[in-house]
Amino acid sequence: MATTICTAYVWAQKDGTFSVLAKATIWAGWILDIYYLPEGEEAHALLGGIARSKSIQYIGIYNLNNDGFTAIIRALHSISQLEGLSIHESNSVGPDGWNELRFLLDSGVSKLKQLCLRGNNYIGNAGMGILSNGLRGIGSSLKVLRLIDISIGNEGLLTVVQALQNCTSLDLETLQLNRNNFSSAEAGLGSLSNWLQRDEVNLEHLGLGGCRINDEGLHALVEGAANHCEELHLGGNDSITATGLSYLSDSIRSHSCRVKILHLYIMSIGDNGLEVLARGLADNKSVRNLGLNFDDVSDTSSGWIAFSRALCDTSSVNSTYLSNHTICDIWDEDDGETIPHQSIFKYLRLHEQHPQYAARCKILMSHPHLDMAPLLHW
């Protein structure tokens with residue numbers, strides 16, 4: 001994490017240096033967070049200092065009105081070394097401000113690696129349409145794109161996917177779309193799934209937490225998401241039922257599943273959902289970390305029993321051998337702690353510490369009277 005050089009009120013003097021006078025924060029000399037734009041000569045000095053800077057690589061913008069935001073974005077046209085831009089909640093930006101951002105992105109002056117739009121509820125589908133053209137200008141350098149809580153729906157999602165498809169040499173690693181409204185976005189989620197399956201796409205992290213995705217939406221999404229992403233966030237989509245989880249279960253059961261970290265927190269999974277999920281995990285060979293809430297599932301419920309069986313099916317030696325030996329950590333997303341249930345805790349530690357011996361150890365623990373001589377060649 002960056003070291004704080006100055007956590008105070010900062011502005012740029014006419015010679016491009018920074019003094020403790022205006023409301024912003026400089027972190028480590030190369031990250032600038034702007035919370036307030038002064039007026040008159042002070043504003044001119046701040047904007048000029050930003051434009052002439054050769055060290056600022058990341059800028060965060062907070063609490064600005066449309067004029068202030070537009071002025072800051074115009075100053076960024078001169079910063080070729082800028083790698084990250086975050087536009088946070090509480091800014092009040094109109095169409096001309098978003099157009100100015102589009103011009104900046106489309107110009108290709110800044111080879112952004114990270115672009116974050118968070119909590120800007122006035123963007124919506126129309127604003128996303130304005131910004132989408134600018135994504136092509138940074139497509140070759142962009143690694144992280146966060147469009148969080150910006151009030152986009154099916155139309156906005158389709159626009160985002162189309163913009164990503166039009167980017168040449170795109171090597172995006174992280175796409176976060178959390179807390180948007182995709183309750184009626186089967187078409188957009190299907191388009192996202194198709195894009196993920198393109199040969200040139202190598203997305204590692206996909207965030208769709210709290211997006212009101214329902215069973216139909218998950219069905220449209222899951223093939224591309226499960227087979228082409230290493231980390232998948234679906235938590236907070238409490239409209240997903242056991243039916244939707246069955247689509248996810250079928251996808252993670254596939255040998256082509258790439259998901260290593262799966263977030264399913266704040267969902268009404270219940271016994272039925274846990275049973276369905278367990279069937280997919282029993283045959284899964286990729287998921288290592290799983291985030292769940294077990295508040296509505298008891299230790300003796302059918303869902304928990306099915307989940308435990310997925311990790312170690314004791315019905316036969318062969319079933320034990322074919323159980324899941326991959327999951328290393330199951331944690332409760334509410335408190336971030338590993339679920340302390342002794343019936344599976346030993347299996348999780350075994351998977352983590354001795355993965356190559358997990359199957360054999362489970363067989364020895366579950367079938368103590370087995371004649372091991374024929375199995376020594378393992």
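Within 6.0 Å of atom CD in Glu39, 12 or fewer heavy atoms from other residues, nucleotides or ligands are found, so the atom counts as exposed in its surroundings. Taking a 6.0 Å sphere around CD of Glu100, one finds it holds more than 12 heavy atoms contributed by other residues, nucleotides or ligands.
Aromatic ring pairs are classed by plane angle as parallel below 30°, tilted from 30° to 60° and perpendicular above 60°; the pair His354 and Tyr357 is tilted. The aromatic rings of His325 and His351 lie perpendicular to each other, with more than 60° between the two planes, well past the 30° mark.
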Using residues 275-283 as the side-chain source, report each donor-acceptor pair under 3.5 Å to any protein atom, sequence neighbours left out, with the distance given to one decimal.
| from | atom 1 | to | atom 2 | distance (Å) |
| --- | --- | --- | --- | --- |
| Glu275 | OE2 | Ser302 | OG | 2.9 |

Donor-acceptor pairs under 3.5 angstrom involving side-chain atoms of residues 184-193: please list them, not counting sequence neighbours.
| from | atom 1 | to | atom 2 | distance (Å) |
| --- | --- | --- | --- | --- |
| Ser193 | OG | Gln197 | NE2 | 3.3 |
| Ser193 | OG | Leu221 | O | 3.3 |
| Ser193 | OG | Gly224 | N | 2.9 |

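For Glu216, there are no salt bridge (charged side-chain N to carboxylate O under 4.0 Å, His left out) partners at least two apart in sequence or on another chain.
Screening residues 156-171 for salt bridge (Lys or Arg N to Asp or Glu O under 4.0 Å), with sequence neighbours left out, gives Lys143-Asp171. Screening residues 194-215 for salt bridge (Lys or Arg N to Asp or Glu O under 4.0 Å), with sequence neighbours left out, gives Arg198-Glu200. Identified under the ring pair (Phe, Tyr, Trp, His ring centres under 6.0 Å) test for residues 57-94, with sequence neighbours left out: Trp30-Tyr58, Tyr35-Tyr62, Tyr62-His88, Phe69-Trp98.
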Stepwise side-chain contact (heavy atoms from CB on, under 4.5 Å) check, Asn133 with Asp106: CA-CA 7 Å; Asn133 292 330; Asp106 201 30; 5.7 Å; no
Chi angles and distances behind the side-chain contact (heavy atoms from CB on, under 4.5 Å) call for Ile240, Leu264: CA-CA 10 Å; Ile240 294 175; Leu264 299 174; over 6 Å; no
Derivation of the side-chain contact (heavy atoms from CB on, under 4.5 Å) call for Asn289 and Trp331: CA-CA 8 Å; Asn289 302 87; Trp331 74 95; 3.3 Å; yes
Leu101/Ile87 under side-chain contact (heavy atoms from CB on, under 4.5 Å): CA gap, chis, key distance, verdict: CA-CA 11 Å; Leu101 177 59; Ile87 302 170; 3.7 Å; yes
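Under 3.5 Å, the side chains of Asn66 and Asp96 contain a donor-acceptor pair of N or O atoms. Of the N and O atoms on the side chains of Ser316 and Asn318, not one donor lies less than 3.5 Å from an acceptor on the other residue.
Remark: Cys229 SG to Ile261 CD1 distance equals 12.0 Å, nearest 0.5 Å.
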